[in-house]
Amino acid sequence: MDRDFGLGGLSDPSFSIPEPVPHPSSRDNDYNVHQLLEQAIKNSGVLSLQGNKQKADIKDLIFIEDIGHGSCGTVGKCSYKGVIMAVKIMPRTKNSYEMSRILMDLDVICLSFDCPYIVRCFGYFITPTDVRVCMECMATCLDRLLIHIRQPIPERIIGKLSISIIKALHYLKTKHQIMHRDVKPSNILLDWSGVIKLCDFGIAGRLIESRAHSKQAGCPLYMGPERLDPSNTNSYDIRSDVWSLGLTLVELATGQYPYAGSEFEMLAKIVHGEPPRLRPGNFTPEFCDLVEKCLQREPNLRPNYNELLQHPFILFHEQQETDVEEWFADVMGV
Ligand SMILES: Nc1ncnc2c1ncn2[C@@H]1O[C@H](COP(=O)(O)OP(=O)(O)OP(=O)(O)O)[C@@H](O)[C@H]1O
(Lines give C-alpha, C1' and ligand atoms only; values in the text may rest on other atoms or scores of the structure.)
Protein backbone atom coordinates (compact mmCIF):
# COMPACT_ATOMS: atom_id res chain seq x y z
CA MET A 1 0.00 0.00 0.00
CA ASP A 2 1.22 3.52 -0.74
CA ARG A 3 1.95 5.48 2.38
CA ASP A 4 0.92 9.05 2.02
CA PHE A 5 1.32 10.90 5.35
CA GLY A 6 0.82 13.93 3.16
CA LEU A 7 -2.86 14.87 3.24
CA GLY A 8 -3.40 13.91 -0.34
CA GLY A 9 -0.39 14.63 -2.39
CA LEU A 10 2.47 16.21 -0.51
CA SER A 11 4.63 13.12 -0.48
CA ASP A 12 6.39 11.42 -3.34
CA PRO A 13 3.61 9.41 -5.08
CA SER A 14 6.10 6.79 -6.23
CA PHE A 15 6.96 5.89 -2.65
CA SER A 16 5.50 2.68 -1.37
CA ILE A 17 6.45 0.14 1.22
CA PRO A 18 5.95 -3.59 0.92
CA GLU A 19 2.92 -5.11 2.65
CA PRO A 20 4.04 -6.20 6.12
CA VAL A 21 4.21 -9.97 6.44
CA PRO A 22 1.53 -11.38 8.74
CA HIS A 23 3.85 -12.33 11.60
CA PRO A 24 6.94 -10.16 11.41
CA SER A 25 9.79 -10.84 13.77
CA SER A 26 10.33 -7.94 16.12
CA ARG A 27 13.48 -6.94 14.18
CA ASP A 28 11.46 -6.70 10.96
CA ASN A 29 8.84 -4.75 12.84
CA ASP A 30 11.41 -2.31 14.25
CA TYR A 31 12.73 -1.84 10.72
CA ASN A 32 9.23 -1.15 9.29
CA VAL A 33 8.45 1.32 12.07
CA HIS A 34 11.74 3.10 11.48
CA GLN A 35 11.05 3.36 7.74
CA LEU A 36 7.52 4.67 8.32
CA LEU A 37 8.74 7.23 10.81
CA GLU A 38 11.42 8.46 8.39
CA GLN A 39 8.78 8.84 5.69
CA ALA A 40 6.35 10.62 8.02
CA ILE A 41 9.02 13.08 9.17
CA LYS A 42 9.32 14.37 5.60
CA ASN A 43 5.84 15.90 5.80
CA SER A 44 6.05 17.04 9.40
CA GLY A 45 5.27 20.72 9.98
CA VAL A 46 3.03 21.24 6.97
CA LEU A 47 -0.58 22.25 7.66
CA SER A 48 -3.37 22.20 5.10
CA LEU A 49 -5.71 25.04 6.04
CA GLN A 50 -8.59 26.39 3.93
CA GLY A 51 -7.23 24.61 0.88
CA ASN A 52 -3.67 25.95 1.32
CA LYS A 53 -0.71 23.86 2.36
CA GLN A 54 1.68 25.90 4.41
CA LYS A 55 4.88 25.35 6.35
CA ALA A 56 3.92 25.79 9.99
CA ASP A 57 5.88 26.65 13.10
CA ILE A 58 4.99 24.54 16.12
CA LYS A 59 5.47 27.65 18.29
CA ASP A 60 2.30 29.10 16.72
CA LEU A 61 0.24 26.24 18.14
CA ILE A 62 -1.35 27.75 21.24
CA PHE A 63 -2.84 25.38 23.82
CA ILE A 64 -6.35 26.38 24.96
CA GLU A 65 -7.68 23.50 27.06
CA ASP A 66 -7.58 19.77 27.65
CA ILE A 67 -10.10 17.66 25.73
CA GLY A 68 -9.28 14.17 26.95
CA HIS A 69 -6.81 11.34 27.39
CA GLY A 70 -6.50 8.01 25.61
CA SER A 71 -4.12 5.08 25.85
CA CYS A 72 -1.70 6.64 23.32
CA GLY A 73 -1.68 10.24 24.44
CA THR A 74 -3.72 13.34 25.19
CA VAL A 75 -5.95 15.54 23.07
CA GLY A 76 -6.06 19.29 23.62
CA LYS A 77 -7.96 22.17 22.05
CA CYS A 78 -5.44 24.52 20.40
CA SER A 79 -5.40 27.54 18.18
CA TYR A 80 -3.08 27.95 15.21
CA LYS A 81 -3.14 31.54 13.88
CA GLY A 82 -6.79 31.79 14.89
CA VAL A 83 -7.84 28.36 13.57
CA ILE A 84 -9.21 26.15 16.34
CA MET A 85 -8.07 22.54 16.20
CA ALA A 86 -7.89 19.39 18.33
CA VAL A 87 -4.27 18.33 18.72
CA LYS A 88 -3.51 14.76 19.74
CA ILE A 89 -0.09 14.58 21.41
CA MET A 90 1.47 11.12 21.52
CA PRO A 91 4.88 10.68 23.15
CA ARG A 92 7.46 9.00 20.91
CA THR A 93 8.56 5.70 22.34
CA LYS A 94 11.22 3.08 21.68
CA ASN A 95 8.55 0.42 21.93
CA SER A 96 7.92 -0.50 18.30
CA TYR A 97 4.35 -1.73 18.99
CA GLU A 98 3.39 1.62 20.58
CA MET A 99 5.16 3.52 17.83
CA SER A 100 3.41 1.51 15.11
CA ARG A 101 0.05 2.45 16.73
CA ILE A 102 0.96 6.12 16.55
CA LEU A 103 2.08 5.83 12.94
CA MET A 104 -0.98 3.82 11.94
CA ASP A 105 -3.27 6.47 13.45
CA LEU A 106 -1.38 9.17 11.59
CA ASP A 107 -1.28 7.24 8.34
CA VAL A 108 -4.99 6.40 8.22
CA ILE A 109 -6.16 9.89 9.15
CA CYS A 110 -3.89 11.41 6.47
CA LEU A 111 -4.97 8.86 3.85
CA SER A 112 -8.63 9.57 4.57
CA PHE A 113 -8.52 13.30 3.73
CA ASP A 114 -11.22 12.76 1.07
CA CYS A 115 -13.75 10.97 3.31
CA PRO A 116 -16.38 13.27 4.86
CA TYR A 117 -17.15 10.67 7.55
CA ILE A 118 -13.63 10.53 8.99
CA VAL A 119 -12.24 13.24 11.22
CA ARG A 120 -10.16 15.61 9.13
CA CYS A 121 -6.43 16.07 9.68
CA PHE A 122 -4.78 19.44 8.99
CA GLY A 123 -1.25 18.06 9.31
CA TYR A 124 1.16 17.05 12.04
CA PHE A 125 4.41 17.79 13.80
CA ILE A 126 6.98 15.18 14.71
CA THR A 127 9.34 16.51 17.36
CA PRO A 128 12.21 14.58 18.99
CA THR A 129 9.86 13.74 21.87
CA ASP A 130 6.35 13.45 20.47
CA VAL A 131 3.97 13.30 17.51
CA ARG A 132 1.25 16.01 17.37
CA VAL A 133 -1.64 15.40 15.05
CA CYS A 134 -3.72 18.51 14.24
CA MET A 135 -7.37 17.61 13.58
CA GLU A 136 -10.62 19.44 13.14
CA CYS A 137 -12.09 20.05 16.57
CA MET A 138 -15.30 18.13 17.17
CA ALA A 139 -17.75 18.87 20.00
CA THR A 140 -17.80 15.51 21.78
CA CYS A 141 -17.57 11.75 21.43
CA LEU A 142 -20.66 9.58 21.87
CA ASP A 143 -19.70 7.93 25.16
CA ARG A 144 -19.26 11.33 26.79
CA LEU A 145 -22.48 12.50 25.19
CA LEU A 146 -24.37 9.56 26.73
CA ILE A 147 -22.92 10.37 30.14
CA HIS A 148 -23.80 14.04 29.73
CA ILE A 149 -27.40 13.65 28.54
CA ARG A 150 -28.20 10.64 30.80
CA GLN A 151 -30.73 9.29 28.32
CA PRO A 152 -30.66 7.08 25.23
CA ILE A 153 -30.10 8.64 21.82
CA PRO A 154 -33.35 8.72 19.78
CA GLU A 155 -33.67 6.23 16.92
CA ARG A 156 -33.98 8.98 14.29
CA ILE A 157 -30.56 10.37 15.36
CA ILE A 158 -29.08 6.86 15.44
CA GLY A 159 -30.36 6.42 11.88
CA LYS A 160 -28.23 9.35 10.67
CA LEU A 161 -25.30 8.34 12.79
CA SER A 162 -25.36 4.75 11.47
CA ILE A 163 -25.18 6.01 7.89
CA SER A 164 -22.03 8.05 8.60
CA ILE A 165 -20.25 5.26 10.47
CA ILE A 166 -21.09 2.55 7.95
CA LYS A 167 -19.90 4.85 5.13
CA ALA A 168 -16.67 5.59 6.99
CA LEU A 169 -15.97 1.86 7.53
CA HIS A 170 -16.95 1.08 3.93
CA TYR A 171 -14.60 3.79 2.68
CA LEU A 172 -11.67 2.40 4.70
CA LYS A 173 -12.33 -1.10 3.41
CA THR A 174 -12.89 -0.33 -0.25
CA LYS A 175 -10.44 2.52 -0.74
CA HIS A 176 -7.59 1.51 1.54
CA GLN A 177 -8.17 -2.17 2.47
CA ILE A 178 -8.18 -1.24 6.14
CA MET A 179 -10.46 -2.30 8.98
CA HIS A 180 -10.88 -0.09 12.03
CA ARG A 181 -10.88 -2.78 14.79
CA ASP A 182 -11.88 -0.38 17.57
CA VAL A 183 -15.43 0.72 16.74
CA LYS A 184 -17.05 1.97 19.97
CA PRO A 185 -18.91 5.08 21.15
CA SER A 186 -15.71 6.88 22.26
CA ASN A 187 -14.36 6.70 18.71
CA ILE A 188 -17.39 8.35 17.15
CA LEU A 189 -17.34 12.14 17.26
CA LEU A 190 -20.05 14.73 16.73
CA ASP A 191 -19.59 18.41 15.90
CA TRP A 192 -21.87 21.36 16.68
CA SER A 193 -23.43 21.26 13.22
CA GLY A 194 -24.51 17.65 13.78
CA VAL A 195 -21.85 16.05 11.59
CA ILE A 196 -20.78 12.58 12.76
CA LYS A 197 -17.30 11.20 12.13
CA LEU A 198 -15.13 8.22 12.97
CA CYS A 199 -11.72 8.69 14.62
CA ASP A 200 -8.82 6.86 16.35
CA PHE A 201 -7.13 4.49 13.93
CA GLY A 202 -4.20 3.40 16.10
CA ILE A 203 -5.08 -0.26 15.96
CA ALA A 204 -6.60 -0.30 12.49
CA GLY A 205 -5.46 -3.32 10.50
CA ARG A 206 -4.38 -3.77 6.94
CA LEU A 207 -6.38 -6.42 5.15
CA ILE A 208 -4.63 -9.09 3.13
CA GLU A 209 -7.14 -10.75 0.81
CA SER A 210 -9.85 -9.01 2.85
CA ARG A 211 -8.73 -10.53 6.14
CA ALA A 212 -6.77 -9.19 9.13
CA HIS A 213 -4.11 -11.53 10.46
CA SER A 214 -2.56 -9.83 13.46
CA LYS A 215 -4.11 -9.94 16.93
CA GLN A 216 -3.72 -6.24 17.73
CA ALA A 217 -5.43 -5.10 20.91
CA GLY A 218 -8.67 -3.15 20.79
CA CYS A 219 -11.32 -2.70 23.42
CA PRO A 220 -12.26 -6.34 24.21
CA LEU A 221 -15.77 -5.37 25.35
CA TYR A 222 -16.68 -4.36 21.79
CA MET A 223 -14.86 -7.20 20.01
CA GLY A 224 -16.74 -9.86 18.11
CA PRO A 225 -16.80 -13.31 19.80
CA GLU A 226 -14.47 -14.69 17.12
CA ARG A 227 -11.76 -12.26 18.20
CA LEU A 228 -12.11 -13.16 21.88
CA ASP A 229 -12.28 -16.92 21.63
CA PRO A 230 -8.75 -18.24 22.42
CA SER A 231 -9.50 -21.49 20.57
CA ASN A 232 -10.03 -19.52 17.36
CA THR A 233 -6.65 -19.05 15.70
CA ASN A 234 -8.15 -18.00 12.36
CA SER A 235 -7.88 -14.56 10.82
CA TYR A 236 -10.99 -12.36 10.86
CA ASP A 237 -12.51 -9.75 8.58
CA ILE A 238 -14.58 -6.55 8.57
CA ARG A 239 -17.52 -8.50 9.98
CA SER A 240 -15.80 -8.19 13.35
CA ASP A 241 -16.21 -4.42 13.02
CA VAL A 242 -19.86 -5.04 12.06
CA TRP A 243 -20.34 -6.76 15.44
CA SER A 244 -18.74 -3.77 17.23
CA LEU A 245 -21.05 -1.45 15.30
CA GLY A 246 -24.10 -3.50 16.37
CA LEU A 247 -23.04 -3.38 20.02
CA THR A 248 -22.40 0.34 19.77
CA LEU A 249 -25.89 0.92 18.31
CA VAL A 250 -27.50 -1.04 21.17
CA GLU A 251 -25.58 1.05 23.71
CA LEU A 252 -26.61 4.33 22.07
CA ALA A 253 -30.25 3.24 21.70
CA THR A 254 -30.65 2.02 25.28
CA GLY A 255 -28.22 4.40 26.98
CA GLN A 256 -26.15 1.57 28.42
CA TYR A 257 -23.57 -1.02 27.48
CA PRO A 258 -25.58 -4.22 26.94
CA TYR A 259 -23.55 -6.62 29.12
CA ALA A 260 -23.22 -6.48 32.92
CA GLY A 261 -20.94 -8.07 35.54
CA SER A 262 -17.19 -8.16 35.97
CA GLU A 263 -15.10 -7.74 32.81
CA PHE A 264 -14.39 -11.47 32.86
CA GLU A 265 -18.11 -12.28 33.11
CA MET A 266 -18.98 -9.86 30.32
CA LEU A 267 -16.36 -11.34 28.00
CA ALA A 268 -17.61 -14.86 28.78
CA LYS A 269 -21.16 -13.75 27.90
CA ILE A 270 -19.95 -12.28 24.60
CA VAL A 271 -18.22 -15.54 23.67
CA HIS A 272 -20.83 -18.02 24.96
CA GLY A 273 -24.10 -16.16 25.63
CA GLU A 274 -26.99 -14.99 23.48
CA PRO A 275 -26.11 -11.77 21.62
CA PRO A 276 -27.97 -8.64 22.77
CA ARG A 277 -31.16 -7.58 20.97
CA LEU A 278 -33.27 -4.44 20.97
CA ARG A 279 -36.70 -4.74 22.57
CA PRO A 280 -39.20 -4.73 19.66
CA GLY A 281 -41.82 -2.57 21.44
CA ASN A 282 -39.35 0.28 21.91
CA PHE A 283 -37.86 0.44 18.40
CA THR A 284 -38.96 0.01 14.81
CA PRO A 285 -38.77 -3.53 13.34
CA GLU A 286 -36.18 -2.24 10.82
CA PHE A 287 -33.84 -1.02 13.57
CA CYS A 288 -34.27 -4.27 15.57
CA ASP A 289 -33.52 -6.24 12.42
CA LEU A 290 -30.37 -4.26 11.59
CA VAL A 291 -29.02 -4.83 15.11
CA GLU A 292 -29.93 -8.52 15.03
CA LYS A 293 -28.10 -8.95 11.72
CA CYS A 294 -24.96 -7.17 12.99
CA LEU A 295 -24.95 -9.18 16.21
CA GLN A 296 -24.91 -12.69 14.76
CA ARG A 297 -22.48 -14.92 16.63
CA GLU A 298 -21.37 -16.51 13.34
CA PRO A 299 -19.37 -13.78 11.48
CA ASN A 300 -20.34 -15.08 8.02
CA LEU A 301 -24.00 -14.44 8.78
CA ARG A 302 -23.37 -10.75 9.47
CA PRO A 303 -23.93 -8.33 6.57
CA ASN A 304 -21.04 -6.62 4.82
CA TYR A 305 -21.06 -2.83 4.31
CA ASN A 306 -22.75 -2.96 0.90
CA GLU A 307 -25.55 -5.04 2.42
CA LEU A 308 -25.81 -2.71 5.42
CA LEU A 309 -26.07 0.31 3.13
CA GLN A 310 -29.01 -1.39 1.38
CA HIS A 311 -30.76 -2.29 4.65
CA PRO A 312 -34.29 -0.76 4.99
CA PHE A 313 -33.30 1.05 8.23
CA ILE A 314 -30.43 2.81 6.42
CA LEU A 315 -32.42 3.50 3.22
CA PHE A 316 -35.26 4.98 5.29
CA HIS A 317 -33.00 7.32 7.27
CA GLU A 318 -31.15 8.42 4.15
CA GLN A 319 -34.49 9.82 2.94
CA GLN A 320 -35.24 11.62 6.23
CA GLU A 321 -34.38 15.24 6.89
CA THR A 322 -33.34 14.78 10.50
CA ASP A 323 -31.91 17.85 12.16
CA VAL A 324 -29.08 16.35 14.23
CA GLU A 325 -27.69 19.84 14.91
CA GLU A 326 -30.93 20.99 16.51
CA TRP A 327 -31.27 17.82 18.60
CA PHE A 328 -27.66 18.13 19.79
CA ALA A 329 -28.03 21.80 20.77
CA ASP A 330 -31.23 20.91 22.57
CA VAL A 331 -29.80 18.05 24.68
CA MET A 332 -26.68 20.10 25.46
CA GLY A 333 -28.87 23.00 26.60
CA VAL A 334 -27.33 25.59 24.27
N1 LIG B 1 -10.76 15.65 16.72
C2 LIG B 1 -11.24 15.63 17.95
N3 LIG B 1 -12.06 16.61 18.38
C4 LIG B 1 -12.55 16.60 19.64
N5 LIG B 1 -12.30 15.63 20.54
C6 LIG B 1 -11.48 14.63 20.16
C7 LIG B 1 -10.91 14.58 18.87
N8 LIG B 1 -10.15 13.45 18.79
C9 LIG B 1 -10.24 12.84 19.98
N10 LIG B 1 -11.04 13.54 20.81
C11 LIG B 1 -11.37 13.20 22.19
O12 LIG B 1 -10.18 13.15 22.96
C13 LIG B 1 -10.26 12.11 23.92
C14 LIG B 1 -9.02 11.23 23.81
O15 LIG B 1 -9.05 10.61 22.53
P16 LIG B 1 -8.11 9.43 22.12
O17 LIG B 1 -8.43 9.08 20.72
O18 LIG B 1 -6.70 9.80 22.46
O19 LIG B 1 -8.47 8.28 23.13
P20 LIG B 1 -9.78 7.37 23.38
O21 LIG B 1 -10.37 6.96 22.07
O22 LIG B 1 -10.69 8.05 24.36
O23 LIG B 1 -9.11 6.15 24.12
P24 LIG B 1 -8.24 4.96 23.53
O25 LIG B 1 -7.25 5.54 22.57
O26 LIG B 1 -7.61 4.41 24.74
O27 LIG B 1 -9.23 4.05 22.86
C28 LIG B 1 -11.57 11.37 23.66
O29 LIG B 1 -12.53 11.83 24.59
C30 LIG B 1 -11.97 11.80 22.28
O31 LIG B 1 -13.35 11.84 22.11
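Every value quoted in this text rests on a predicted model; they were computed, and no experiment measured them.
For the pair Glu98 and Arg92, the salt-bridge criterion is not met [side-chain N within less than 4.0 Å of a carboxylate O]. No salt bridge links Asp66 with Lys77; every basic N to acidic carboxylate O contact stays at or beyond 4.0 Å.
Between the side chain of Glu265 and the backbone N or O of Ala260, no donor-acceptor pair lies under 3.5 Å. Counting only distance, with no hydrogens or angles, the side chain of Arg181 and the backbone of Ile203 share a donor-acceptor pair below 3.5 Å. Panel note: side chain Thr322, backbone Val324; no donor-acceptor pair is recorded below 3.5 Å. For the pair Glu298 (side chain) and Asn300 (backbone), a donor-acceptor distance under 3.5 Å is present. Side-chain N or O atoms of Thr74 include none that pairs as donor or acceptor with a backbone N or O of Gly70 at under 3.5 Å. Listed for the Arg101 side chain is no donor-acceptor partner under 3.5 Å among the backbone atoms of Ala204. Formation of a donor-acceptor pair under 3.5 Å by the Tyr124 side chain with backbone atoms of Ala40 is found in this model. Looking only at distances, a side-chain donor or acceptor of Asn95 sits under 3.5 Å from a matching main-chain atom of Tyr97.
Side-chain N/O atoms of Gln296 and Lys293 include no donor and acceptor closer than 3.5 Å. Using modelled atom types, one finds a donor on one side chain and an acceptor on the other under 3.5 Å when comparing Thr127 with Asp130. Inspection of the Ser112 and Arg120 side chains reveals no N or O donor paired with an N or O acceptor under 3.5 Å. Side-chain atoms of Asp114 and Tyr171 include a donor-acceptor pair closer than 3.5 Å.
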Would Leu228 and Ile270 satisfy side chain to side chain contact (heavy atoms under 4.5 Å, CB included), going step by step from the backbone distance to the final call? CA-CA 8 Å; Leu228 293 171; Ile270 295 172; 3.7 Å; yes
Would Lys88 and Asp105 count as a salt bridge (charged side-chain N to carboxylate O under 4.0 Å, His left out) if you check the C-alpha gap in whole Å, the side-chain angles of each, and the deciding distance to 0.1 Å? CA-CA 10 Å; Lys88 187 167 179 174; Asp105 194 20; 3.0 Å; yes
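Leu309 is not connected to Tyr117 by any chain of hydrophobic side-chain contacts under 4.5 Å among Ile, Leu, Val, Met, Phe, Trp and Tyr, and they are in different clusters. Under the 4.5 Å side-chain heavy-atom criterion for Ile, Leu, Val, Met, Phe, Trp and Tyr, Ile64 and Met135 are members of distinct hydrophobic clusters. Cluster membership check: Ile41 shares its hydrophobic cluster with Val33, using side-chain heavy-atom separations under 4.5 Å among Ile, Leu, Val, Met, Phe, Trp and Tyr.
Within the structure, every pair that satisfies the salt bridge (Lys or Arg N to Asp or Glu O under 4.0 Å) test and touches residues 315-329, not counting sequence neighbours, is listed here: Lys167-Glu318. Sorted by first then second residue, the side chain to side chain donor-acceptor pair (under 3.5 Å) pairs that include residues 301-317, not counting sequence neighbours, are His170-Asn306, Glu226-Arg302, Asp289-His311.
Other residues, nucleotides and ligands place more than 12 heavy atoms under 6.0 Å from the NZ atom of Lys55. No more than 12 heavy-atom neighbours from other residues, nucleotides or ligands sit within 6.0 angstrom of CD on Gln50.
When all heavy atoms of Ser186 and Cys141 are compared, the closest pair comes out as O-CB, 3.5 Å. Pairing each heavy atom of Leu161 with each of Leu252, the nearest pair is CD2-CD1, 3.7 Å. When all heavy atoms are compared, the tightest approach of Gly73 to Pro91 is CA-CD, 4.4 Å. Between Cys199 and His180, the shortest heavy-atom distance links the atoms O-NE2, 3.0 Å. The shortest heavy-atom contact between Leu103 and Leu37 is CD1-N, 3.9 Å. Heavy-atom minimum distance, Ala168 versus Cys115: CA-SG, 4.4 Å.
Taking the six-membered ring where the residue is Trp, Tyr257 and Tyr222 present perpendicular rings, their angle passing 60° and hence far from 30°.
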Using atom types as modelled, flag every donor-acceptor pair under 3.5 Å from a side chain in residues 187-196 to any protein atom, sequence neighbours excluded.
residue: Asn187; atom: ND2; partner: Asp182; partner atom: O; Å: 2.8
residue: Asn187; atom: ND2; partner: Asp182; partner atom: OD2; Å: 3.4
residue: Asp191; atom: OD1; partner: Ser193; partner atom: N; Å: 2.9
residue: Asp191; atom: OD1; partner: Ser193; partner atom: OG; Å: 3.0
residue: Asp191; atom: OD1; partner: Gly194; partner atom: N; Å: 3.1
residue: Asp191; atom: OD1; partner: Val195; partner atom: N; Å: 2.9
residue: Asp191; atom: OD2; partner: Ser193; partner atom: OG; Å: 3.4

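Within the model, atoms CG of Asp237 and CG of Asp241 stand 9.0 Å from one another, a figure rounded to the nearest 0.5 Å.
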